[in-house]
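Notes follow once the structure below has been shown.
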Amino acid sequence: MSKNTPDLSPANEETALQLGLTKEEFQQVREILGREPNFCEVSIFSAMWSEHCSYKNSIKWLKTLPKKGAHLLAEAGEENAGLVDIGDGLACAFKIESHNHPSAIEPYQGAATGVGGINRDIFTMGARPIAQMNSLRFGDIKKEKTKWLLKGVVKGIGNYGNSFGVPVVAGETFFDDSFNTNPLVNAFSAGIVKVGETLSATSYGAGNPVYIVGSATGKDGIHGASFASKDITDASTDDLPSVQVGDPFQEKLLLEATLELAKTDAVVGMQDMGAAGITCSTSEMSATNGFGMDIDLDKVPTRQEGMHGFEILLSESQERMLVVVHKGKEKTVEDIFEKWDLNAVQIGEVTEGGLINFTKNGQNIATVPAHSLVLGGGAPVYDREYKEPAYFKENQKFTIESVEEPKDLKKVALSLCSEPNIASKRWIMNQYDSMVGTANMGTNKPGDAAVVNVKGTDKALAMSVDCNSRYVQANPDVGTQIAVAEAARNIVCVGGEPSAVTNCCNFGNPYNPESYWQFVNAIKGMSKACTAFNTPVTGGNVSFYNQTVSGGKEVPVFPTPTIGMIGLLPQNAQMTLDFKKESDLIYLIGESQNDISSSEYLAKYHRIKDAPAPHFDLGTEQDVQNTVKNLISKKLVISAHDCADGGLFVTLLESAMPRSLGFSVSFDPGVRKDAFLFGEAQSRIVVSVPAVHNEKFLEEMSQSDTPFSMLGYVTNGEILLDGENFGDIDEFADVYDNALEKLLNN
């Protein structure tokens with residue numbers, strides 16, 4: 001190797017700045033190494049100290065989240081994913097992560113590799129993935145670019161997930177102009193593993209061999225972590241090589257090989273090669289116990305000839321793992337991966353002392369202390385300035401009296417049913433295989449959360465992803481509390497008990513004090529709500545720089561702290577949202593409020609976006625959820641559906657449509673009619689009760705302090721409001737079911 005190779009070239013401050021480090025960080029690198037770094041070493045630090053890998057601007061606040069719980073088997077940051085004991089000697093590993101920037105540039109591969117990466121986080125722990133969900137954000141659906149992004153993302157998720165063989169069981173999709181350039185693609189996966197049989201992302205034992213397994217390494221994804229840690233601009237298409245390319249069939253082989261390997265005693269530790277590739281996996285595994293590694297990059301199987309060392313180190317080629325093996329067990333590993341027709345190549349060994357040495361062509365091209373690269377080690381931690389945006393106080397000035405109440409409420413209702421944030425997402429879900437693996441219990445049983453059978457037991461997992469980005473924009477603290485509360489409410493409405501949370505925090509530039517204020521207050525809100533619901537945060541992902549920079553102006557997306565929550569329920573206790581038969585009684589648990597703040601009705605029908613978050617009280621929310629849990633457990637209700645986007649009318653409609661039933665309800669005289677029907681005040685759940693159970697239901701509710709009211713009864717298909725005929729359920733169902741597809745095809 002010539003001294004002129006890029007790896008060994010001297011690196012100066014200008015080089016560091018081009019790679020994304022600051023002047024101060026470059027000086028810190030020099031101090032850590034005690035000498036001038038070369039280009040390869042600066043590349044390593046730039047990737048590992050990027051926001052995507054180091055969480056340098058978020059870790060201070062993430063540490064304030066509640067992380068302890070009775071059922072937790074691993075606290076946040078200890079493993080590749082959260083791990084919760086679900087009984088019967090089993091645990092659930094689950095996590096959510098973003099793949100926003102890649103999806104903004106190349107939606108198909110960006111979304112597909114996001115699915116691949118989150119599933120690897122699960123099976124790297126020895127857990128078999130059983131369910132996937134996703135949370136998506138797009139811009140104005142009338143724009144051709146939005147349609148291209150949506151179609152590409154959905155196809156990428158569907159093609160990868162369907163081929164890999166794990167069902168997509170639920171999700172959410174939200175549209176707003178703030179996401180026109182920078183969509184959000186958050187992928188969730190959950191898997192099952194026997195307690196005590198998990199694999200850790202760790203390394204120890206000097207002389208233990210280090211293997212790279214799975215696919216060969218190529219030039220796709222180089223500097224992907226750095227790409228994810230900067231703004232989307234007009235020139236971002238120049239970063240297309242940073243987008244990885246996935247192969248779901250290769251991942252399926254890797255899954256089976258990994259799970260077979262997990263049953264042996266050969267493995268010290270294993271980690272997925274995600275962001276920053278070999279660099280990240282070697283440093284994070286080594287830093288855990290203070291060991292080091294000697295890595296020979298010439299031994300790494302590559303797809304292209306002549307790759308430089310820094311390219312091999314930073315490649316984010318998919319379907320790869322790093323495995324540390326107990327010395328003497330090499331043949332066990334090699335035989336398993338040969339059986340599955342996958343690479344399993346020893347590229348180094350564990351060393352004492354904490355240094356990672358990378359060689360290429362017999363020359364040392366980088367020597368770095370492992371701990372200096374990682375979160376909680378030498379990576380920088382910042383306490384950023386934040387300040388309340390001017391818009392926040394302006395939002396508080398909104399009053400419902402400033403909005404004239406429409407006279408034609410049916411027109412409003414039909415209009416809302418055609419809005420893409422409310423209309424059926426059937427077009428999206430139909431492209432996903434929701435039944436592969438035969439564990440999904442919700443396909444023919446509509447409910448607020450996905451319900452997945454845990455095979456070999458009498459229990460099921462309930463899971464939900466939730467966040468209304470508009471609420472968080474209006475008030476990050478309250479909006480994030482609502483996101484947690486709605487996730488819990490959804491799980492309660494299917495008969496489950498909320499257990500734990502993973503989060504995906506999507507925000508703008510952390511160096512912008514107003515964007516950072518949104519992040520800080522969202523974390524505060526998440527802490528309050530997760531503490532209230534006893535749902536500790538097991539980990540997740542922070543994605544900053546979700547904004548567009550055009551003409552020198554930053555335009556951040558709506559802040560979106562997506563909540564992924566799991567819960568447990570007995571298999572025979574699943575509650576559904578659909579009304580069952582004519583004449584059943586309809587009740588509202590909770591109270592209607594004279595509030596239309598930040599509702600879809602206010603934003604889309606009246607085109608008013610400057611308003612506070614909807615009415616919300618955390619204590620009331622807990623009371624409502626506990627009451628509904630009790631009603632379900634005593635079999636006093638036969639449907640339960642939470643009031644969310646679109647308000648009470650949409651809740652009633654979604655409960656009526658599955659069986660082509662209707663509803664007759666009376667207005668609350670103390671609340672404006674538009675607020676009663678379309679307001680999105682929280683802490684409300686609609687339940688239906690057979691007449692034969694009504695007396696027992698009322699007796700039970702009389703023992704509770706939770707407010708409730710009788711709304712009306714189920715009809716044979718008519719929609720009646722205070723006796724006024726709003727038409728037939730089929731008229732609304734036609735609009736609701738087909739609006740999204742019509743918008744996409746226009």
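In what follows, residues are counted from 1 in the order of the sequence shown. Heavy atoms only: backbone and side chains are in, while hydrogens, waters and symmetry mates are out.
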- prompt: Is S599 reaching over with its side chain to a backbone N or O of L602, donor-acceptor style, under 3.5 angstrom?
  reply: yes

Any Y391 side-chain heavy atom under 4.5 Å of E514 side chain: no

message: So for atom CG, which belongs to D85, do other residues, nucleotides or ligands contribute more than 12 heavy atoms lying within a distance under 6.0 Å?
response: yes

task: Go through the steps to decide whether I491 and E497 satisfy the test side chain to side chain contact (heavy atoms under 4.5 Å, CB included), and finish with yes or no.
output: CA-CA 7 Å; I491 287 172; E497 178 70 36; over 6 Å; no

task: Answer yes if the side chains of E680 and Y471 hold a donor-acceptor pair under 3.5 Å, and no otherwise.
output: yes

message: If we ignore hydrogens and angles and just use 3.5 Å, is the side chain of S704 paired with the main-chain N or O of M701 as donor and acceptor?
response: no

- request: Answer with yes or no whether the side chains of N490 and S464 bring together a donor and an acceptor at under 3.5 Å.
  value: yes

Test item: side-chain donor near acceptor, T706 and D623, under 3.5 Å: no

message: Is there a side-chain contact between M565 and M463 in this structure, where contact means two heavy atoms from C-beta onward sitting under 4.5 Å apart?
response: no

query: Considering all heavy atoms of both residues, which atom of T531 and which atom of P66 are nearest to each other, and what is their separation?
result: OG1-CG, 3.7 Å

- prompt: Where the side chain of S200 meets the backbone of T202, is there a donor-acceptor pair that is under 3.5 Å apart?
  reply: no

query: What class does the angle between the rings of W61 and Y386 fall in, given that below 30° is parallel, 30 to 60° is tilted and above 60° is perpendicular?
result: perpendicular

message: Less than 4.5 Å apart, side chain to side chain, heavy atoms only: is that true for I685 and V687?
response: yes

- request: Show your working on side-chain hydrogen bond (donor to acceptor under 3.5 Å, both in side chains) between S543 and N546 and close with a plain yes or no.
  value: CA-CA 7 Å; S543 175; N546 291 292; 2.9 Å; yes

- prompt: Any Lys/Arg nitrogen of E600 or R470 sitting under 4.0 Å from an Asp/Glu carboxylate oxygen of the other?
  reply: yes

message: So, taking the atom named CD1 in I59 and the one named OH in Y382, what distance separates them when rounded to the nearest 0.5 Å?
response: 14.5 Å

query: Taking atom CG of N521 and atom CE of M526, what is their separation to the nearest 0.5 Å?
result: 12.0 Å

- prompt: Side chains of Q473 and P559: closer than 4.5 Å at any heavy-atom pair?
  reply: yes

field: Interatomic distance, S281 atom OG to D272 atom CG [nearest 0.5 angstrom]
entry: 8.5 Å

statement: A640 and D448 have their tightest heavy-atom pair at O-OD2, 4.2 Å

- prompt: When you measure from the side chain of N503 to the backbone N and O of I563, does any donor-acceptor pair fall under 3.5 Å?
  reply: no

query: How would you list all residue pairs meeting salt bridge (Lys or Arg N to Asp or Glu O under 4.0 Å) that involve residues 379-390, not counting sequence neighbours?
result: K60-D383, E388-K393

- prompt: What's the verdict on side chain to side chain contact (heavy atoms under 4.5 Å, CB included) for V472 and F558, showing C-alpha distance, side-chain angles and the deciding distance?
  reply: CA-CA 7 Å; V472 184; F558 275 2; over 6 Å; no

query: Which heavy-atom pair separates Y545 from P510 by the least distance, and what is that distance?
result: CZ-CD, 3.7 Å

- request: Please answer whether the main-chain N or O of F188 pairs with a side-chain N or O of E97 as donor and acceptor at a distance below 3.5 Å.
  value: no

Residue pair M125 / V193: nearest heavy atoms and the distance that separates them: O-CG2, 4.4 Å

- prompt: Sub-3.5 Å donor-acceptor pair from the side chain of T502 to the main-chain atoms of I96, do we have one?
  reply: yes

message: Would you say that V195 contacts L90 through its side chain, given a criterion of any heavy-atom pair below 4.5 Å between the two side chains?
response: no

message: Do Q547 and N182 pair up side chain to side chain, a donor and an acceptor below 3.5 Å, judged on atom types alone?
response: no

query: Measuring from Q481:CD to N475:CG, what's the distance to the nearest 0.5 Å?
result: 8.5 Å

field: Ring center gap for F519 and F544 short of 6.0 angstrom
entry: yes

query: So do the side chains of L461 and I130 get within less than 4.5 Å of each other, counting heavy atoms only?
result: yes

message: Can you give me the closest heavy-atom contact between S286 and A370, atom names plus distance?
response: CB-CB, 3.7 Å

Minimum side-chain heavy-atom gap Y55-V381 below 4.5 Å: no

message: So, applying salt bridge (Lys or Arg N to Asp or Glu O under 4.0 Å) with D176, which one of R137, K604, K609 is it?
response: K609

message: For S135 and E172: C-alpha separation, side-chain torsions, deciding distance, then whether side-chain hydrogen bond (donor to acceptor under 3.5 Å, both in side chains) applies.
response: CA-CA 5 Å; S135 176; E172 59 164 6; 2.7 Å; yes

message: Under 4.0 Å between a side-chain nitrogen and a carboxylate oxygen: does that hold for R489 and E621?
response: yes

- prompt: Just how far is it from atom CD1 of I632 to atom SG of C493, taken to the nearest 0.5 Å?
  reply: 6.0 Å

message: Does D610, at its CG atom, have more than 12 non-hydrogen atoms belonging to other residues, nucleotides or ligands within less than 6.0 Å?
response: no

message: Checking N134 against N186 for the side-chain hydrogen bond (donor to acceptor under 3.5 Å, both in side chains) test, could you report, in this order, the C-alpha distance in whole Å, the side-chain angles of both residues, the deciding distance, and whether it holds?
response: CA-CA 6 Å; N134 53 70; N186 295 176; over 6 Å; no

- request: Please answer whether the main-chain N or O of E25 pairs with a side-chain N or O of Q28 as donor and acceptor at a distance below 3.5 Å.
  value: no

task: Answer yes or no: is there a donor N or O on one side and an acceptor on the other, between the side chain of D595 and the main chain of P614, under 3.5 Å?
output: no

task: Indicate yes or no for a side-chain donor-acceptor contact from T457 to the backbone of K459 under 3.5 Å, with no hydrogens or angles considered.
output: yes

field: Min side-chain heavy-atom separation T651-D642 under 4.5 Å
entry: no

field: Carboxylate-amine/guanidinium contact E394 K397, below 4.0 Å
entry: yes

- request: Kindly determine whether M48 and C280 satisfy side chain to side chain contact (heavy atoms under 4.5 Å, CB included), including the steps that lead there.
  value: CA-CA 7 Å; M48 291 303 296; C280 185; 3.8 Å; yes

field: Residue pair A104 / P183: nearest heavy atoms and the distance that separates them
entry: CB-CD, 3.6 Å

message: Applying side-chain hydrogen bond (donor to acceptor under 3.5 Å, both in side chains) to D645 and N468, what does each step give before you reach the verdict?
response: CA-CA 8 Å; D645 301 352; N468 186 306; 3.2 Å; yes

query: Is K528 salt-bridged to D477, going by a charged N under 4.0 Å from an acidic O?
result: yes

message: As an exercise, state the distance from CG of L65 to SG of C530, rounded to the nearest 0.5 Å.
response: 7.0 Å

- prompt: Between the side chain of H99 and the main-chain N/O of G110, is any donor-acceptor distance below 3.5 Å?
  reply: yes

- prompt: F708 and T627: side chain to side chain contact (heavy atoms under 4.5 Å, CB included), yes or no, with the steps?
  reply: CA-CA 10 Å; F708 76 104; T627 296; over 6 Å; no

- request: State whether a side-chain donor-acceptor pair under 3.5 Å links E654 with H641.
  value: yes

